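In each ligand, atom 1 is the first atom listed, and ligand 1 is the first ligand listed. The structure displayed is predicted, hence computed values, not measured ones.
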Amino acid sequence: MEELHTKWEVYSPATGEKIAELDETPLESIPHLYTKSRQAFQTWSKLPIKERLQYLKRLRLLMVNKMDEIAEVISKDTGKVKIEALVADIMPTIDAIKHIEKHAMKALSRQKVSTPLMLIGKKSYIDYMPRGTVLVISPWNYPLQLAMVPILNALAGGNTVIAKPSEVTPLVGMCIDNLFHEAGFPEGTVQFAHGGKDLGASLTEQKPDYIFFTGSVRTGKIIGEVAAKQLIPSTLELGGKDPMIVLRDANLERAVNGALWGAFTNSGQVCMSVERIYVERPVYKEFLSLLKEKANSLKQGTRLTDDIGSMTFPAQIDIVAGHLEDALNKGAILESGTSPNDWKTGQTYFIPPTILSNVNHSMKIMKEETFGPVLPVVPFDTEEEVVRLANDTEYGLNSSVWTKDTVKANRVASQLVTGAVTINDVLITVANHYLPFGGTKQSGIGRYHGEQGMRIFCHEKAIMKDNGKKNSEIQWYPYEGKYTKFLSLFQHYFSEKTNWIQFGKEYLQLIKISKEKRK
Ligand code: ADP
């Protein structure tokens, strides 16, 4: 940690109790962070991948030992129930480390690629070169995973990292900082700046070599602009308004259970959560009544027996209330939950799981990201109609299709303009590190996870090697006498059926001319 000042009081959103007093990283220390990062890069980038992975392994084992402790910190800081901290934040992070340990060597080592016949005698390779200092700015909803996964991928690629975790969940930020420290990463390899927007903005202005941002569309656009002005490559992982499409032949019980979890896990504060459901009319009533019944049996609180925790960020409550009020004013029917006036949010921030019917696309609840435990349900009649409605949004992160008919599932899935589609499931693509993760439209730019998740933090260097024995190449100077030969060579090579005899003749002629002309 750098020199610190300003005391920072942290309260648990679920209990209202003060849980910590912390210090912010002063803005003045930012240049120093960058200097240290650039120095550390000189050594870290040169370590063999195998040695870098040893540090990641140490971190993994440390996290396995401290799993319960970390879950406690996340739960306190975010208000989410502890099981969600464990299953949806800690586990995917540790799994990401395991994935990197297994695949980094292959993904980041020199790759041999083919060389076309025209370049006969040469060999071609791609090298993955670390970029330098990677800036990772992360949000509060999955504060461990969304900070650590990009940090770890960047480190594996030989970069050094400066990370700014969300100011809304600073205890988790400190916890991550301590974990890297305890795992023994070399000084300056991964550094943390603890603080808010101003700190984030100042960090982006110091010319990092890559920016990896996860957060709101609004901030993503600001960061994208800063990055564009400096030509800094970046990944932007932003919001979603994910549709769930239930066809008449779906396993309704599973679809209802999936909808509940997809919409209400983490109090709906999930970029990939189910934010709207379209149900084919013949099963709409049955679906809605089962959904209401099951929603009413969910327990809210912070005990291990509870299902839904609190909201994490007080300001988010106003957005959710705004969307709900707008819908209710325009005729939406409250099927479960209460109107915002009856929410008991004072010191603590619980919003009851809320289901709405009689909704349409003139309402914010159907078009803008709500990021809360509110679920609008709409009947539809045709596949064409539901695809149009599902795509009627500025976002395109995730979506789901529920049916027993594989042909129908694939047909609908192929028409959804989203970065991922789950079939008879929700959210879960994010848990498979072999799959790319990212959005279309306003949901972001870029993908990570998997091999590409490591490679985005490297610039690809094309290498082509000649054995250096020939004194010249046919396309080098002088050109005299070569034009018609090249013309004939290309015509024979690229025509419908390659004339290999003629091709060989022209090629040898060109070599001969090259040799003669050089004399
Ligand atoms: P969310 O509400 O989902 O956390 P935000 O976009 O507000 O989304 O914040 C995500 C992260 O971006 C946080 O760490 C926040 O401090 C940081 N941040 C906010 N504004 C800026 C900015 N202008 N420049 C850099 N980082 C910022």
Atom 23 (N) of ligand 1: the protein heavy-atom neighbour that sits closest, reported with distance to 0.1 Å | Ile222 CG2, 3.9 Å
Which of the numbered atoms in ligand 1 are below 4.0 angstrom from a heavy atom of Gly200?
-> 24 (N), 25 (C), 26 (N)
Do the rings of Phe457 and Tyr210 sit parallel, tilted or perpendicular, given the 30° and 60° boundaries?
-> perpendicular
For atom 27 (C) of ligand 1, the protein heavy atom that lies nearest, with its residue and separation = Thr219 CG2, 3.6 Å
So does Lys330 have more than 12 non-hydrogen atoms from other groups sitting under 6.0 Å from NZ?
-> yes
Backbone or side chain, does any N or O of Thr204 fall under 3.5 Å from an N or O of ligand 1?
-> no
At a 4.0 Å threshold, what atoms of ligand 1 neighbour a non-hydrogen atom of Ser216?
-> 3 (O), 5 (P), 6 (O), 7 (O), 8 (O)
Mark up the atoms of ligand 1 that fall under 4.0 Å of a heavy atom belonging to Ile137, in ascending order.
-> 11 (C), 12 (O), 14 (O), 17 (C), 25 (C), 26 (N)
Salt bridge Asp326-Lys367, side-chain N to carboxylate O under 4.0 Å = no
Does Phe371 come within less than 4.0 angstrom of ligand 1, counting non-hydrogen atoms of the residue?
-> no
State the CD1-OG distance between Ile333 and Ser357, to the nearest 0.5 angstrom.
-> 4.0 Å
Any idea which of Pro139, Gly215, Ser138 brings a heavy atom closest to atom 13 (C) of ligand 1?
-> Ser138
Any salt bridge between Asp306 and Arg303, counting N to O under 4.0 Å?
-> yes
For ligand 1, which atoms, with element, lie under 4.0 Å from some heavy atom of Glu167?
-> 13 (C), 14 (O), 15 (C), 16 (O)
Side chain, backbone, both or neither: the part of Ile223 lying under 4.0 Å from ligand 1 by heavy atom | side chain
Note the single closest protein heavy atom to atom 2 (O) of ligand 1, along with its residue, its atom name and the distance in Å.
-> Trp140 NE1, 3.1 Å
Under 3.5 Å between some N or O of ligand 1 and some N or O of Thr214?
-> no
Classify the ring geometry between His99 and His433 as parallel (under 30°), tilted (30 to 60°) or perpendicular (over 60°).
-> tilted
Answer yes or no: is there an ion pair linking Asp68 with Lys82, defined by an N-O contact shorter than 4.0 Å?
-> yes
Can you tell me if Asn329 uses its side chain to pair, donor with acceptor, with the backbone of Glu325 under 3.5 Å?
-> yes
Ligand 1 atoms in contact with Ser166 (distance to a heavy atom under 4.0 Å) | 14 (O)
Presence of salt bridge, Lys229 and Glu225, under 4.0 angstrom = yes
